[in-house]
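Naming convention: chains lettered A, B, ... in sequence-line order (proteins, then strands); numbering from 1 in each chain. Because only heavy atoms are used, hydrogens play no part in the values below, and waters and symmetry mates are left out as well, while side chains stay in.
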Protein chains: 2
Amino acid sequence: MVELTRKQREIQERTREILRVAKPILLAEGFQALTMDRVASRMEYAKGTIYGHFSNKEEIVLALALEAMRLRQKLFQKAASGTGLARRRIMAIGLASEFYTQRCTEEFQVEQWMRHSNIWDKSSSDRQTLIRNCESSCMQIVSELVREGQAMGDLPTLERMSAEEMVFGLWAITFGSQILTASSPSLSALGIIDPIRSTRIHCCQLLNGFGWQPIHSVEEYLELVDEISAEYLPQFEQIQREYR
Amino acid sequence: MVELTRKQREIQERTREILRVAKPILLAEGFQALTMDRVASRMEYAKGTIYGHFSNKEEIVLALALEAMRLRQKLFQKAASGTGLARRRIMAIGLASEFYTQRCTEEFQVEQWMRHSNIWDKSSSDRQTLIRNCESSCMQIVSELVREGQAMGDLPTLERMSAEEMVFGLWAITFGSQILTASSPSLSALGIIDPIRSTRIHCCQLLNGFGWQPIHSVEEYLELVDEISAEYLPQFEQIQREYR
DNA sequence: GTCAATTATTGACGCTCCGTCAGAATTTAC
DNA sequence: GTAAATTCTGACGGAGCGTCAATAATTGAC
């Protein structure tokens, strides 16, 4: 387990190399342009060799997606481990998510490919499980903060409303906004000039709605977000650099 | 334009027939199972004939999606044209959206396929435009209600927050929840027992957050939603029947 | 009713990509 | 040095796409 022969290390390195080659093809030309023949010829290996690493091209996408989600997870962890009350840190997670979508565009895009049922369904369940675990781990980071808020008495425990259900709301609104922003090119033509600002406001209203103290007016909230953003941005950028 | 020869009518009818044949394949076995050869042989026509109607299989999916979205649009229109204040009717639209996802499962699923960039990008821009128009028309229905609420004085006009941006929030949360519900099979394992109820609550909190009078407590809101649901359900079902 | 022009239909064909596997090449173990 | 084990190769069969020359059906003028 610990010790690997030179050959084994070479093979492991090649797995990474395949991903390095595949990623730009996927991002620049889409999934259908990502062919095994093409990857093989770019790597100067035969197709069969590539199949030794990934049993189909969908697996490559999921492998890329897992890498991407690990980055997301790290950003979330950093945000959750910051200073201040739980509500402040949950706002930081919102910013982490924003950062991921805005500044880790490629990783965000890879995640989108992963969600395509075509691709998802053709992958091995092992890889699917890895991704699910990573996703639920991201969610748990947020749920923990919600529970912390409840424990501290800042957030009233609503009856018939679990921590997870609150997270679901935040998750849905962030996720929904991001997908809509990414997939509707003419959002500004529809009257939505600054979707990021809108999303921030909507999250604020959700948190206020839960009764999470201290309640902020939208204006206060937006200012506070900017402040928190200034605090975390360098850290997020650091994580992004380490990842590359 | 108005008068069609018998032949032209036959051809038009065949277009519909192709969609009738393609739909169950797409829904039951996915996009990759939807092959032109298969459609052709099921219809007992040659492949070339099918290509006379749709220049690739992606176009078939978009045609199906347009039909689906027209149904959604009708549901929205029905909800918007109901009785009561704008806020009540906007809640009805939420229910229309819920109905669409829950009870028009097939149409909802077709819409999901349409969003796959693989499929979207290979379709003609004409068809893309038709769909975009339908989508923005759905959105405008909601924006109108928001503006009505503002005009009536029930909904304060927040500065730097347009009607469309509010709609964006509602849209994002509904859309996000629905996608998450549809794509995360183990939502209940994550602690989200009743995503529909959660989504309703989140919408309530968003509306309250905007300051839309009358403000409802979550409990009141949920009761009211049930009441509105009872009123609209038969009408929605009627529309669904007419569509089939 | 005939026949030429027009329009519609056909399915074989060329192409691309997938995933496999028998055999060649290389590495390892002794 | 060599035999066994491992790794690598690329030709191959199969599936599906989209085309287009050939064939069939329809139309309408006489």
Roughly how many Å is it from [atom1] in [X] to [atom2] in [N], rounded to a whole number?
| X | N | atom1 | atom2 | value |
| --- | --- | --- | --- | --- |
| H53(A) | dT9(D) | NE2 | C1' | 13 Å |
| F31(B) | dG16(D) | CZ | P | 13 Å |
| I11(A) | dT7(D) | CD1 | P | 5 Å |
| E58(B) | dG18(D) | CD | P | 6 Å |
| K57(B) | dA15(D) | NZ | P | 15 Å |
| I50(A) | dC8(D) | CD1 | P | 10 Å |
| E44(B) | dG11(C) | CD | P | 11 Å |
| D37(B) | dG11(C) | CG | C1' | 10 Å |

Out of [options], which nucleotide sits closest to the side chain of [X]?
| X | options | answer |
| --- | --- | --- |
| K47(B) | dT7(D), dC18(C), dG18(D) | dG18(D) |
| R14(B) | dG16(D), dT9(C), dC18(C) | dT9(C) |
| A46(A) | dG10(D), dT20(C), dT10(C) | dG10(D) |
| T49(A) | dC8(D), dG19(C), dC17(D) | dC8(D) |

Query raised in the report: Once the angle between the rings of W171(A) and F168(A) is folded into 0 to 90°, is it parallel (under 30°), tilted (30 to 60°) or perpendicular (over 60°)?
Result: perpendicular

Query raised in the report: Aromatic rings Y100(A) and F108(A): how do their planes relate, parallel, tilted or perpendicular, breaks at 30° and 60°?
Result: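 It falls in the perpendicular class, over 60°.
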
Report task. Please check if the side chain of E107(A) supplies one atom and the backbone of R72(A) the other of a donor-acceptor pair under 3.5 Å. Result ->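 The answer is no, because no donor-acceptor pair under 3.5 Å joins these two groups.
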
Query raised in the report: Short question: side chain of S97(B), backbone of I93(B) - any donor-acceptor pair under 3.5 Å?
Result: no

Query raised in the report: With nearest nucleotides of DNA chain C determined for M36(A) and G48(A) from heavy-atom distances, which residue corresponds to the more 5′ nucleotide?
Result: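 Its nearest nucleotide being more 5', the pick is M36(A).
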
